[in-house]
Student: 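What follows is a structure written as structure tokens; I'll ask about it next.
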Amino acid sequence: MSGLTLFYTAFTYIAIAIFLYGFLTRIWKYATTPSPLKIPLTPAPVQPAGAVYRIIQEVGFFKSLFYSNRIIWLAGYLFHLALAIVLIKHARFFFASTPVAFHWITTFEIWIGFIMLLPLLLLFLLRLVIDRTYYISIMMDYLILVLLMGIAVTGILTKYFVRTDIVSVKQFVMGLVQVRPEALPADPIFIIHFTLVMLLLIYFPFSKLMHAGGIFFSPTRNQVDDPRELRHETAWAAKG
Amino acid sequence: MAETTAVKTGMPAPPKKAEDEIPQLTGLIPKPKIVRGTAAHYKAYVAKPEIQEKLDFPGSLVDNWEEAAVRRLGELLEKYKSLQVYLDICVRCGSCTDKCHYFIGTKDPKNMPVARQDLLRKVYRKYFTLEGKVLGSLVGAIGFDLELLAEWYSYFHQCSQCRRCSLYCPYGIDTAEISMAAREIMDSIGMGQKYTNEIIGKVHEIGNNLGLNPKALANSLENVEEEIEEDTGAPVKLPLDVEDADILLVTPSADFFALPHVESLIGYAKVFHQAGVNWTLSSTASEAGNFGMFIGSYDQMKKVALRVRQAILELRPKRLVVGECGHAWRIAYSFWNTLIGPFDMLDPKYPRPQHICEFTLDLINRGALELDKSANDEFVVTFHDSCNVARASRMGDRPGGQFDIPREVIKAVVNRYVDMEEDAIKERTFCCGGGGGLLTDELLDLRIKGAYPKVQALRNIMDTHEVNFMALICAICKAQFTKVLPKFNIPMTVAGGVHQLVGRAVVLGAKE
């Protein structure tokens with residue numbers, strides 16, 4: 001086994017460990033930090049089921065963003081939708097034979113990669129062109145977009161323009177899954193694509209990318225509007 | 001304050017800066033191009049030591065203030081899920097950037113909600129996140145220094161905590177939560193705001209925001225009784241400290257003598273009189289307002305609210321009704337049950353507490369009030385949704401009752417009612433520009449800028465539908481609009497209370 005394979009095998013495990021540990025400890029923190037007062041943004045649902053539906057609308061359709069800014073909504077929504085589809089498409093690397101449940105995904109050809117890439121480009125341009133978003137953008141906002149664009153571009157390349165040997169990628173990934181390290185495919189585009197994804201995973205829990213889990217814990221969106229009917233108490237506030 | 005000082009000393013008032021010019025009413029609520037620094041000179045007065053110490057805050061900036069501020073931020077992160085989550089998950093998408101009335105009015109980019117939040121996030125990243133410690137300014141992590149503290153003080157007192165930004169944020173990030181935390185941190189290091197903290201001290205000492213002692217309050221109520229009797233011939237009473245009444249009314253102290261507030265007090269009194277209920281005010285709980293919320297202090301908010309519990313225990317009313325006040329209704333509706341509940345001693349058949357508009361509409365629907373709409377025929381009325389009522393509370397059983405119930409009350413007492421444009425009412429309403437502890441003279445220029453989007457919407461409906469009365473349910477809105485409307489060449493009498501209209505329409509003696 002080559003040194004590069006050994007390195008990438010270790011790198012992958014470390015990256016995934018950092019991602020999982022970082023993400024889960026962050027989520028644990030969000031889940032366990034108290035909310036001493038009821039602060040749903042009203043009008044808000046008066047039943048728990050309504051609050052769940054409200055969160056589903058936000059996560060599934062970016063409802064608030066839709067009513068706020070159509071261009072950012074369009075770019076953001078298309079990107080996230082394409083990302084979700086691309087992630088599911090990658091599932092075939094993790095199964096010996098693709099489960100029937102995933103067959104529909106083959107409807108989405110290479111163009112889905114562009115649907116992921118173009119909104120990123122638009123989001124990048126919007127940051128530069130609109131004076132308000134240019135003012136609030138910090139260097140990392142651009143770098144994250146560049147990182148995601150890099151992942152999208154290399155992904156498109158492996159699939160279409162400089163085709164990577166899918167079989168050897170699958171062997172490599174299955175080896176990682178089953179903890180039987182297999183050779184890293186000797187394909188520079190694939191290696192760059194894979195490296196960028198691992199970097200994204202490592203950075204994820206320490207960054208604004210935590211909006212992915214954090215949105216579920218937003219008190220203005222997930223709380224039920226029932227403070228008159230139910231007395232809301234938290235431990236530290238009750239003591240005071 | 002500045003104006004009166006200048007008059008007293010005979011000194012000319014300082015010349016107006018170009019950026020303090022009154023915004024032009026063009027017909028549209030604009031999305032302005034940013035102009036840096038236009039609002040940097042708005043500074044609320046810093047509280048003096050004697051004001052701070054009454055609230056157990058350090059009198060002036062402590063020596064190790066940076067360390068103390070970071071420590072306090074750390075404590076708040078453990079206590080408030082909102083703060084912890086919201087500091088982490090903003091992606092700076094820009095959705096909120098054109099939604100704040102202070103940004104629209106001042107064009108200062110630091111008044112964009114995300115930029116205001118980032119003043120605190122800079123410190124959070126620097127001291128509490130790995131990315132900030134490792135990557136520094138690349139991720140916008142900045143050490144806390146005096147320059148940044150000055151920006152905190154200026155711009156966290158240019159937020160009225162109205163939550164409009166939160167409505168438009170894809171994650172519901174609420175700048176009110178952030179500015180409350182920032183103010184709490186500043187109080188903890190001795191950088192409190194004079195206006196708010198002085199008023200909280202007054203509540204502790206005397207019992208209400210205006211410093212009206214029980215004797216003065218009784219006098220004031222007697223005057224109002226005489227005024228009603230002169231006007232109508234009816235012996236409408238405003239009882240004080242009556243035990244075992246049906247209803248305890250807790251209302252903002254401005255209602256006792258400020259204009260147009262007192263007109264609404266007269267309206268409540270006529271409604272109670274005509275409904276034949278036995279009601280009372282309390283000299284202990286002579287204030288519905290609670291500025292503890294503005295400074296983010298749970299302890300101060302609870303201490304102020306406990307006066308209401310004390311009054312309930314002393315006077316033993318069956319029901320609790322709250323007068324026209326926006327932030328007070330947020331605290332009463334959303335927080336009282338937590339802070340001073342449970343209200344087991346009150347009649348569970350009625351909401352605990354109940355808004356005066358809920359109370360009045362219930363009477364109207366049951367036919368218990370004889371109303372003469374024509375008494376308000378000189379008015380074409382519109383309604384301003386107060387931010388705290390619209391986005392931080394409810395009335396009635398259904399979501400959105402806080403929009404429908406006051407409108408139904410108004411429509412029951414006037415013949416001509418029309419709503420302002422959609423982007424400026426209901427959950428999208430603009431703040432009056434004076435909320436959140438900013439209703440102070442030294443911030444008047446800022447308040448004019450903050451009022452501008454709402455005034456534009458009002459001007460539009462005045463021009464198209466001949467509206468001449470904007471009904472309000474908030475003491476701060478009333479004080480703010482009567483002050484700033486004349487700056488836009490709109491008469492101050494356009495601003496008034498919902499129960500001012502109700503009071504005019506109630507036919508006294510009709511259903512004894």
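The chains referred to below are lettered A, B, ... by the order of the sequence lines, with proteins before strands, and numbering in each begins at 1. This is a predicted model, so every value here is computed, not measured.
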Student: Decide if atom NZ of B/Lys122 counts as having more than 12 heavy atoms of other residues, nucleotides or ligands within a radius under 6.0 Å.
Tutor: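 It does: B/Lys122 NZ has more than 12 such atoms within range.
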Student: Taking it one step at a time, do A/Ile39 and A/Gln223 satisfy side-chain contact (heavy atoms from CB on, under 4.5 Å)?
Tutor: CA-CA 7 Å; A/Ile39 58 165; A/Gln223 285 188 347; 3.9 Å; yes
Student: With a 6.0 Å cut-off on ring centres, are A/Tyr67 and B/Tyr168 close enough?
Tutor: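 Ring centres of B/Tyr168 and A/Tyr67 not closer than 6.0 Å.
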Student: Heavy-atom cut-off 4.5 Å, strictly under: side chain, backbone, both or neither for B/Arg125 against chain A?
Tutor: side chain
Student: Test A/His80 against A/Phe62 for side-chain contact (heavy atoms from CB on, under 4.5 Å), laying out the working first.
Tutor: CA-CA 10 Å; A/His80 282 86; A/Phe62 303 6; 3.6 Å; yes
Student: Under 4.5 Å heavy-atom distance to chain A, tell me which part of B/Phe103 shows up: side chain, backbone, both or neither.
Tutor: side chain
Student: So what's closer than 4.5 Å to chain A heavy atoms on B/Thr129: side chain, backbone, both or neither?
Tutor: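 Interface part for B/Thr129: neither.
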Student: What part of A/Ile72 lies closer than 4.5 angstrom to a heavy atom of chain B: side chain, backbone, both or neither?
Tutor: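 Side chain only.
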Student: Is A/Ala75 in contact with chain B via its backbone, its side chain, both, or neither, using a 4.5 Å heavy-atom distance?
Tutor: neither
Student: Tell me, for B/Leu77 versus chain A, whether the close heavy atoms (under 4.5 Å) come from the side chain, the backbone, both or neither.
Tutor: backbone
Student: Would you mind checking which part of B/Glu78 comes under 4.5 Å of any heavy atom in chain A, side chain (CB onward), backbone (N, CA, C, O), both or neither?
Tutor: both
Student: May I have the step-by-step check of side-chain contact (heavy atoms from CB on, under 4.5 Å) for A/Leu126 and A/Ile71, ending in yes or no?
Tutor: CA-CA 9 Å; A/Leu126 284 174; A/Ile71 297 177; 3.6 Å; yes
Student: Below 4.5 Å from any heavy atom of chain A, which atoms of B/Ser137 appear? Answer side chain, backbone, both or neither.
Tutor: neither
Student: State whether the number of non-hydrogen atoms from other residues, nucleotides or ligands found under 6.0 Å of A/Trp111 atom CH2 is greater than 12.
Tutor: yes
Student: Give the C-alpha distance, both sets of side-chain angles, the deciding distance and a yes or no for side-chain contact (heavy atoms from CB on, under 4.5 Å) between B/Arg330 and B/Met293.
Tutor: CA-CA 10 Å; B/Arg330 177 183 192 182; B/Met293 182 174 81; 3.7 Å; yes
Student: Is it the backbone or the side chain of B/Cys90 that comes under 4.5 Å from a heavy atom of chain A, or both, or neither?
Tutor: backbone
Student: Heavy-atom distance under 4.5 Å to chain A: side chain of B/Ala176, backbone, both or neither?
Tutor: neither
Student: Under a 4.5 Å heavy-atom cut-off, does chain A meet the side chain of B/Pro353, its backbone, both or neither?
Tutor: both
Student: Do the ring planes of A/Phe93 and A/His90 sit parallel (below 30°), tilted (30 to 60°) or perpendicular (above 60°)?
Tutor: tilted
Student: Select, from A/Val46, A/Leu230, A/Ile130, the one with the greatest count of heavy-atom pairs under 4.5 Å involving chain B.
Tutor: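 With the most close heavy-atom pairs to chain B, the winner is A/Val46.
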Student: In terms of heavy-atom pairs under 4.5 Å, which option from A/Thr42, A/Thr33, A/Thr32 contacts chain B the most?
Tutor: A/Thr42
Student: Between B/Arg352 and chain A, which part of the residue has a heavy atom less than 4.5 Å away: side chain, backbone, both or neither?
Tutor: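 Interface part for B/Arg352: backbone (N, CA, C, O).
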Student: Of the backbone (N, CA, C, O) and the side chain (C-beta and beyond), which part of B/Lys99 lies under 4.5 Å from a heavy atom of chain A, both, or neither?
Tutor: side chain
Student: Which bit of A/Thr133 is near chain B, if near means a heavy-atom gap under 4.5 Å: side chain, backbone, both or neither?
Tutor: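 The answer is the side chain of A/Thr133.
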Student: Sort B/Leu130 into side chain, backbone, both or neither according to what part of it lies under 4.5 angstrom from a heavy atom of chain A.
Tutor: side chain
Student: Is chain A contacted by the side chain of B/Met301, its backbone, both, or neither, given a heavy-atom distance below 4.5 Å?
Tutor: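 Interface part for B/Met301: side chain.
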Student: Report yes or no: is the cationic atom of B/Arg319 (NZ for Lys, CZ for Arg) closer than 6.0 Å to the six-membered ring centre of B/Tyr350, at no more than 45° off its axis?
Tutor: yes
Student: Take atom OH of A/Tyr13 as the centre, draw a 6.0 Å sphere, and report whether it contains more than 12 heavy atoms from other residues, nucleotides or ligands.
Tutor: yes
Student: If I measure from the heavy atoms of chain A, does B/Val389 come under 4.5 Å with its side chain, its backbone, both, or neither?
Tutor: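 Contact with chain A is through the backbone of B/Val389 alone.
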Student: Can we call the ring centroids of A/His211 and B/Tyr171 under 6.0 Å apart?
Tutor: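 Distance test on ring centres: under 6.0 Å, yes.
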Student: What do you reckon, are the aromatic ring centroids of B/His355 and B/Tyr333 less than 6.0 Å apart?
Tutor: no
